[in-house]
There are 2 protein chains.
Amino acid sequence: MAKAGVTDSQTRLKIFRAASDIFEEKGYEGARMQEIADKAGINKALLHYYFRSKDQLFMAVFQVLLKKMFEKIMTIFAADITFKEKIRLFLGQHIDFLSKNPKLPIFLLNEISKNPSIATGLKETLQYGEMRDLLYMKHAKELRGYGIKKSDMPQLMVTVVSMSVFPYAAREMIAIMMPQMLDNKRFKTFMEERKEFASDFILNSLKHRKK
Amino acid sequence: MAKAGVTDSQTRLKIFRAASDIFEEKGYEGARMQEIADKAGINKALLHYYFRSKDQLFMAVFQVLLKKMFEKIMTIFAADITFKEKIRLFLGQHIDFLSKNPKLPIFLLNEISKNPSIATGLKETLQYGEMRDLLYMKHAKELRGYGIKKSDMPQLMVTVVSMSVFPYAAREMIAIMMPQMLDNKRFKTFMEERKEFASDFILNSLKHRKK
DNA sequence: CATATTTTTGACCTATTGGTTAATTCATTT
DNA sequence: AAATGAATTAACCAATAGGTCAAAAATATG
């Protein structure tokens, strides 16, 4: 029995976890309700008892995973440290986060690309512009010192985020040219090294920017 | 009638083009043979007459698109200019290329991620390591001048490629935080500016690298 | 303990999907 | 123009997919 009407039942949780795994691995179109039911160890009809349809089950999963990703990024960017420190903190923590959720980037990127409307919920939650402006205001002096104008922020932020996200999303593509990347240990090492490489790379570039 | 057994018939081409569009837009799982037939203006049975199965049709399309992407990158990297010039050339030309094929990155990234085996063909064609080593040999002096060791090449190359590819693959995700990116004109401008921003960013970082 | 409520199941339904087939149309050759 | 082979079609097929339903278990309630 649900304790307060919001508490997830054990079964509901089992379903949700199985669905997360399957959707993340195969995407919305590739996922099968039967497979999710099997993985959750329950009947397929029970899936529809807890979540009416594939769409609704998917949306429940997607919202949580998308939020998980964004909250991680936002939390780090909101920290009360210098921008310089923030870059290192971001690459360190975000790569740690992604190494625990390596399939998350390509899943989110693909699903939202194939059907942008599924993100409207989060889009409304985040007052847009907020992040970029907040970040610039917070570090205005430091950033101006680097020759970064407010209008440069989108370019800079996309660059920073791509440093951690892209290698996970593109791992198999990268492996075409560098097969050693197929080895989990090697890839892990590559990403560990990337924390420092990318941090240095970005800060180096900023430090010596021509204004 | 086929002129030499290799020449594509008009119908075959129509099918191939329609299939490219649909697959690129919806992915393998999301694509429907009927929709491809409709777009090609032919009967569904004719699809199977020219390409036996969905798998084979997909593979034909995928191979061409993957090759298209790789050849573009390889050609630029193979140019006989300094590494510095190469960075600018790459970002200029590759962004031009992707602006004509904006859905290509997420399509390739997702399909290969969901089913890595589909790329084995290309993987065998490219002698792996070749590119990275060739590139380093060609610019050994210049790169050492920047403090780039051979072992840094993977990090550097992933960084450079992500500069152009990531914004296209992540456009809808970026738009969650920066809704102006939904506007095609704005996004186009963003990517035009990115040619210079990214080039400067990379070269700046390299120029002042601590060795 | 009996009754009401919730959870779980197996069996079933319908629509969709990739794929096949046999017949027809079209073009080429002699 | 008859014959031959390739291109094209409509109709069909079997498997799979998401989804439903009524009955059975399990659990809570008075």
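Side chains are part of it too, since the values below use all heavy atoms of this structure and drop only hydrogens, waters and symmetry mates. Just so you know, these numbers come straight off a predicted model, no measurement behind them.
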Rounded to the nearest angstrom, tell me the gap between atom [atom1] in [X] and atom [atom2] in [N].
X	N	atom1	atom2	result
B/Gln34	D/dC12	CD	C1'	14 Å
B/Asp38	D/dT9	CG	P	12 Å
A/Arg32	C/dT17	CZ	P	11 Å
A/Glu29	C/dT17	CD	C1'	12 Å
B/Arg52	C/dT20	CZ	P	9 Å
B/Met33	D/dC13	CE	P	20 Å
A/Gln10	D/dA26	CD	P	18 Å
A/Leu46	C/dT9	CG	C1'	8 Å

> At under 4.0 Å between heavy atoms, what does A/Ala37 touch on the DNA or RNA strands: base, sugar-phosphate, or nothing?
Replying inline: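 Since no nucleic acid heavy atom lies under 4.0 Å of A/Ala37, the category is nothing.
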
> Contact class for A/Tyr50 vs. all strands (heavy atom < 4.0 Å): base, sugar-phosphate, or nothing?
Replying inline: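 Sugar-phosphate contact only - A/Tyr50 comes under 4.0 Å of backbone atoms but never of a base.
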
Ignoring backbone atoms, establish whether [X] has a side-chain N or O less than 4.0 Å from OP1 or OP2 of [N].
X	N	answer
B/Asn43	D/dT8	no
B/Tyr49	C/dT21	no
A/Ser9	C/dT7	no

So that I know where these two stand, are [X] and [Y] an aromatic pair - ring centroids less than 6.0 Å apart?
X	Y	result
B/Phe58	B/Phe23	yes
A/Tyr168	A/Phe97	no
B/Phe90	B/Phe77	yes

> Does the C/dG19 base have a donor-acceptor partner in the side chain of B/Lys54 within less than 3.5 Å?
Replying inline: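 By the distance-only test, no, there is no pair.
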
> Between B/Lys54 and B/Tyr28, is there a donor-acceptor pair closer than 3.5 Å when you use the side chain of the first and the backbone of the second?
Replying inline: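 Yes; at least one donor-acceptor contact below 3.5 Å.
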
Check every atom of [options] against the side chain of [X] and return the nucleotide holding the closest atom.
X	options	result
A/Lys44	C/dT20, D/dG18, C/dT17	D/dG18
B/Ser53	D/dA17, C/dG19, C/dT9	C/dG19
A/Ala45	C/dG18, D/dG18, D/dT20	D/dT20

> How many angstroms lie between OG in A/Ser53 and CE in A/Met33, if you round to the nearest 0.5 Å?
Replying inline: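 Here the rounded value is 7.0 Å.
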
